[in-house]
Colleague: 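Please read through the structure below; I'll follow up with questions.
Numbered from 1 within each chain, the chains take letters A, B, ... in sequence-line order.
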There are 2 protein chains.
Amino acid sequence: MKRNTWQREAVRQALGTSEGFVSAQALYSALRDTGSPIGLATVYRALSDLAVEGEADSLQQEGESLYRACTPHTHHHHLICRNCGLTVEIEADAVESWAASVAAQHGFTQPSHVVDVFGLCAACSRG
Amino acid sequence: MKRNTWQREAVRQALGTSEGFVSAQALYSALRDTGSPIGLATVYRALSDLAVEGEADSLQQEGESLYRACTPHTHHHHLICRNCGLTVEIEADAVESWAASVAAQHGFTQPSHVVDVFGLCAACSRG
DNA sequence: ATCGTTCTTGATAACGAAACTCATTACGGT
DNA sequence: ACCGTAATGAGTTTCGTTATCAAGAACGAT
């Protein structure tokens with residue numbers, strides 16, 4: 001059975017108010033800074049659960065997992081600023097079908113894919 | 001100045017004879033199994049260098065870096081078997097231009113991207 | 001070939017992210 | 001309110017990777 005605890009809700013909220021992707025440890029620090037007595041392991045567990053349930057996106061960068069709140073249960077990709085972490089959700093229907101067909105061409109089944117675009121956002125480009 | 005040592009060459013060769021992506025530690029074990037007295041730190045450094053120079057691709061999976069030899073200095077992507085690690089290099093001109101245009105549409109400059117397709121290869125699909 | 005400089009190596013320590021442990025807490029159905 | 005059980009969290013452990021630094025090796029000059 002899945003239970004609703006204030007800790008999970010705190011993680012959900014903290015994630016929702018964060019700009020761009022954040023690490024589990026950063027989110028943990030942010031929560032502790034607000035006075036929350038939440039534990040680090042709980043933040044890891046909550047983020048992992050949210051990612052599995054589709055309420056958060058995760059990506060691996062430099063050996064750590066980063067998370068970001070997203071529209072639940074929709075498949076999409078991200079355009080991420082290398083400098084400030086600004087993230088834009090993008091749709092990529094063309095890429096979806098391309099990935100599926102490439103996999104099929106080589107006899108691969110159960111295809112999934114990782115597609116992320118990095119760059120410098122308009123603001124950081126000016127800086 | 002960059003120097004040529006037998007250790008770097010050993011890593012290059014070991015990477016070249018490996019199928020699919022391998023971890024630094026796996027490559028280190030393979031080298032030690034052949035009797036080479038190479039050090040772990042050296043394998044990490046050599047792989048990192050090869051990746052920077054474009055002689056190897058790297059990707060992050062489950063918190064560890066995996067490497068694979070590839071045609072030098074060409075940009076391409078991979079179709080990777082989740083089960084056995086078999087890797088196929090794929091070209092994706094359509095994706096290249098798509099990534100560039102999406103970035104431009106949102107005011108992003110200096111775009112780069114991560115595109116990898118995972119699945120089960122024909123052999124593993126039968127299993 | 002020898003020297004001297006400077007880069008590379010490698011055993012080990014240090015580091016950080018994440019998983020695990022398990023006694024305690026507290027959610028939710030009754 | 002009670003109880004079974006999932007969730008919590010402080011501490012510990014694991015694991016991949018990087019830093020340290022003395023000893024060794026490669027390259028250019030002689």
Colleague: Mind checking A:Leu40 for me? I need base, sugar-phosphate or nothing, with any heavy atom below 4.0 Å counting as a touch.
Modeller: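 A:Leu40: no heavy atom of the nucleic acid under 4.0 Å.
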
Colleague: When the ring centroid of A:His113 is compared with that of A:His77, is the distance short of 6.0 Å?
Modeller: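 Distance test on ring centres: under 6.0 Å, yes.
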
Colleague: Whole angstroms only, please: what is the NZ-P distance between B:Lys2 and C:dT8?
Modeller: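 So the NZ-P distance, B:Lys2 to C:dT8, works out to 8 Å.
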
Colleague: Please report, rounded to the nearest Å, how far the C1' atom of C:dG16 is from the CD atom of A:Glu62.
Modeller: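 Checked: the CD to C1' distance equals 13 Å.
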
Colleague: B:Leu50 and B:Phe21: same hydrophobic cluster, using ILVMFWY side-chain contacts below 4.5 Å?
Modeller: no

Colleague: What range of DNA chain D does chain B touch, first nucleotide to last, counting atoms under 4.0 Å from its heavy atoms?
Modeller: D:dG16 to D:dC27

Colleague: Mind checking if A:Arg8 touches a base, just sugar-phosphate, or nothing, with heavy atoms under 4.0 Å?
Modeller: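 Sugar-phosphate contact only - A:Arg8 comes under 4.0 Å of backbone atoms but never of a base.
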
Colleague: Less than 4.0 angstrom from a charged side-chain N to a carboxylate O is my criterion; do B:Glu89 and B:Arg68 meet it?
Modeller: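 Looking at B:Glu89 and B:Arg68, the cut-off is met.
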
Colleague: Assess the side chains of B:Ser65 and B:Gln60: does a donor N or O sit below 3.5 Å from an acceptor N or O?
Modeller: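 Side chains of B:Ser65 and B:Gln60: pair found under 3.5 Å.
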
Colleague: For atom CD of B:Glu9, is the number of surrounding heavy atoms from other residues, nucleotides or ligands below 6.0 Å larger than 12?
Modeller: yes

Colleague: Would you compute the distance between atom CD of B:Gln110 and atom OG of A:Ser125 and round it to the nearest 0.5 angstrom?
Modeller: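 Separation between the atoms: 6.5 Å.
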
Colleague: More 5' along DNA chain C: B:Arg3 or B:Arg32, using each one's nearest nucleotide?
Modeller: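 Taking each residue's closest nucleotide, the earlier one in sequence belongs to B:Arg3.
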
Colleague: Looking at the side chain of B:Ile38, which of C:dA18, C:dC27, C:dG10 is the nearest nucleotide?
Modeller: C:dG10

Colleague: Looking at every strand, decide which applies to B:Ser65 at a 4.0 Å heavy-atom threshold: base, sugar-phosphate, or nothing.
Modeller: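 Sugar-phosphate contact only - B:Ser65 comes under 4.0 Å of backbone atoms but never of a base.
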
Colleague: Please state how far atom CD in A:Glu64 lies from atom C1' in C:dA19, giving the value in whole angstrom units.
Modeller: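 About 16 Å, once rounded to whole Å.
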
Colleague: Nearest whole angstrom, please: distance from the C1' of C:dG16 to the OH of A:Tyr28.
Modeller: 15 Å

Colleague: Could you give the OH-to-P distance, from B:Tyr44 to C:dT9, as a whole number of Å?
Modeller: 16 Å

Colleague: Contact class for B:Gln25 vs. all strands (heavy atom < 4.0 Å): base, sugar-phosphate, or nothing?
Modeller: base

Colleague: Would you mind telling me which residue lines up with the more 5' stretch of DNA chain C, A:Arg45 or A:Ser23, judged by nearest nucleotide?
Modeller: A:Ser23

Colleague: Output the distance between atom OG (A:Ser48) and atom CD (A:Glu53), rounded to the nearest 0.5 Å.
Modeller: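 It is 9.5 Å, given to the nearest 0.5 Å.
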
Colleague: For DNA chain D, whose closest nucleotide is more 5', that of B:Gly63 or that of B:Thr5?
Modeller: B:Gly63

Colleague: CH2 of B:Trp6 versus C1' of C:dT8: gap in Å, rounded?
Modeller: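 In whole Å, C:dT8 C1' lies 12 Å from B:Trp6 CH2.
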
Colleague: What's the CD-C1' distance between A:Gln7 and C:dA26, to the nearest Å?
Modeller: 9 Å

Colleague: May I ask you to evaluate whether B:Thr42 reaches the phosphate of C:dG10, defined as a side-chain N or O under 4.0 Å from OP1 or OP2?
Modeller: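 Looking at the OP1 and OP2 atoms of C:dG10, one of them is under 4.0 Å from a side-chain N or O of B:Thr42.
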
